[in-house]
Amino acid sequence: MKIQMKMRVMLLGSLFGALFACVPSVSAQETPPAAVIQVRVDDAVKKYDLTDYDSAKAYVDAYAENVQNDKAFRAHEKQALETVRTKNAFFGSWWAVFPPLLAIFLALATKEVYSSLFIGIVSGGLLYADFSFEKTLVHVVQQGFIASVADPYNIGIIFFLVLLGALVAMMNRTGGSAAFGRWAATHIKSRVGAQVATIILGILIFVDDYFNCLTVGSVMRPVTDAKRVSREKLAYLIDSTAAPVCIIAPISSWAAAVAGFAKGAGAESGFSLFIAAIPYNYYALLSIAAMFFFALAKFDFGPMKRYEEKAREDGVSDATEGFNEAAELLGKNDRGRVWDLLVPVFFLIVACTVGMVYSGGYFGGANAGDFIKAFSDSDASVGLALGSLVALVFAVAFFVARRVISFKACMEAFPEGFKAMVPAIMILCCAWTLKGMTDSLGAKIFISDLINGPASSLKDFLPAIIFVIACVLGFSTGTSWGTFGILIPIVLAAIPGSTLTIIAVSACMAGAVCGDHCSPISDTTIMSSAGARCKHINHVNTQLPYALVVAGVSFVAYIVAPFAGNMWLALGLALVLLLVTLGLMKFVLARRNPDQSPLR
């Protein structure tokens, strides 16, 4: 079996080699490259021995800086890959994206997330270890799970989730959510109003996608339940106001990440590039427009329509997929008021914002007094952890001072909130580990060569091609930020500074968000399911058709954008195309099912 597998890999490798060979070679490839090379990066000179495994691996791992600074990069990359593949025949080939694709296929086929992710992780370990049992076990456990969980950024996110879960559990115990539901029942009169209110709240909470998912879900779930909006529709609205809003918000953790990736790839100002790319971020902007259309036009289709009809007729059933539901507690505390929900949430937004700029050096350091710069340089995991801890302490003092719940009840909410977040944390840890498997197999090398190889000759169509590649990569890995980190440096290196560069970077961001939005192993998709208390696989299945419609329109928009000559004209055309597409879909589906009335 092992010999047959290697033969298949060699055959596939030769096919991909033939494909890449069709691209014109640079002149430096005509002469055999030297074994030991030097690459000047800024003021430092790095030396690589391309015949040594560790040195060759370090060269390909530094892809982003070497592709810009090494004039004979293609020849040196080929030599380095030959050395690396002496120990791992699968490195940098299409097998690098096989583990996440396998996990996604199994998740959709079996409707079971945990085992699907674990099998994908193990398959990545087997490929990395060349099917050695001992090496696979060590790579999966030590270099996979332990390394991903021990990562400081990931620990910060887990800490934030636990604290936010405790805060939500406390707010549930106060009866604030029930009070808000009662208030909304008298002020929000329809299903349309409940959906629009959810969208607006999601847009207003633009600081971070994790924070958005759980906060909007906690606040709006009583309202949408009362107005018989399905949990699946709520999860879609939460997910579509998380990453798509954060990726066009200058003051957000996502802006900080993109600016950091762009700056690290050689852009003069990563933040300025992010701002310039906002009008071209078609998927994010059109996703927001589509949500308003679905709500105001009372239009649903696909699996979502069935869940919406069921919710309208039978009410919302409590489907929690293991999340600790505290709904029975919401109506047991008559002392709770709307302020017991809104004040902690408002304080949490302020505290997280302050925490973000603090981590970026606003109160001391290079960015002292510069709010925007401090936010762009912030560490989201540190800022959110600091903000949520301060907000949690404030919430305890606030609730005890108002005598809404006792100090003991506040402390009992801590383990309750932690248990509510355990399924989400488990899936996140598996998703992070799966990404580590693809990284160890050289997924970024495969994707990079795909862009710089067969796709490089289609210059004006590169934004559309990059959008598709980013969608596939984001869908496969379940991470937008990982996709940014891989593609943005490549895009900036492949397309020198011009308007096309801005469009291409925006296509990269939009595609990453689209893939992340659709992926069942995405952290924001998981968080949206948790926030809405919806079965995760139901959320994935109902959201996918909606996201694909917007993705299709965005793809067409990226074909048109380089030729439009004006960013606002291109955006207007994209918006008109979306509205026409959705309008035609509603007309055609209404003709096919004339007896079905719109959901009100």
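For clarity, every value in this text was computed on a predicted model and none was experimentally measured.
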Within the distance-only criterion (no hydrogens, no angle test), does the side chain of [X] pair as donor or acceptor with the backbone N or O of [Y] below 3.5 angstrom?
X	Y	value
T224	V229	no
T241	L237	yes
S506	I502	no
T499	P562	no
Q543	C518	no
T174	M171	yes
D239	A235	no

Does [X] reach the side chain of [Y], with side-chain heavy atoms less than 4.5 Å apart?
X	Y	result
S554	C514	no
F467	Y282	no
Y362	V354	no
F159	L384	no
M567	Y280	yes
T353	F371	yes
V513	N281	no
F301	V549	yes

**Q.** Within 6.0 angstrom of F292 CZ, more than 12 heavy atoms from elsewhere
**A.** yes
Q.
Atom CZ of residue position F563 - does it have more than 12 heavy atoms of other residues, nucleotides or ligands inside 6.0 Å?
A.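 Yes, enclosed.
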I need the [X] [atom1] to [Y] [atom2] distance, nearest 0.5 Å.
X	Y	atom1	atom2	value
L117	L434	CG	CG	6.5 Å
L286	F293	CG	CZ	13.0 Å
H539	L234	NE2	CG	9.5 Å
I238	R231	CD1	CZ	10.0 Å
S190	K227	OG	NZ	7.5 Å
D225	S230	CG	OG	10.0 Å

Q) In terms of ring plane angle, is the pair F299 and F294 parallel, tilted or perpendicular, where the classes change at 30° and 60°? A)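 Tilted, since the angle between the ring planes falls between 30° and 60°.
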For a quick test of reading the model, state the closest non-hydrogen atom pair linking [X] to [Y] and the distance between them.
X	Y	result
M220	T198	CE-OG1, 3.4 Å
S388	L348	CA-CD1, 3.8 Å
A564	A570	CB-CB, 3.9 Å
A194	I188	N-CG2, 3.3 Å
V553	A574	CG1-O, 3.7 Å

Q | Side-chain donor-acceptor contact under 3.5 Å, H517 with S522 | A |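 The answer is no; no qualifying pair exists.
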Q: Check step by step if side chain to side chain contact (heavy atoms under 4.5 Å, CB included) holds for Y358 and V382.
A: CA-CA 9 Å; Y358 174 82; V382 173; 5.8 Å; no
Q | Candidates K233, K586, R191, K305 - the one meeting salt bridge (charged side-chain N to carboxylate O under 4.0 Å, His left out) with D300 | A |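 The salt bridge (charged side-chain N to carboxylate O under 4.0 Å, His left out) with D300 is passed solely by K233 among K233, K586, R191, K305.
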Q.
Run the side chain to side chain contact (heavy atoms under 4.5 Å, CB included) test on H536 and T525 for me, step by step, so that the C-alpha distance in whole Å, both residues' side-chain angles and the decisive distance to 0.1 Å come before the verdict.
A. CA-CA 8 Å; H536 182 58; T525 307; 3.6 Å; yes
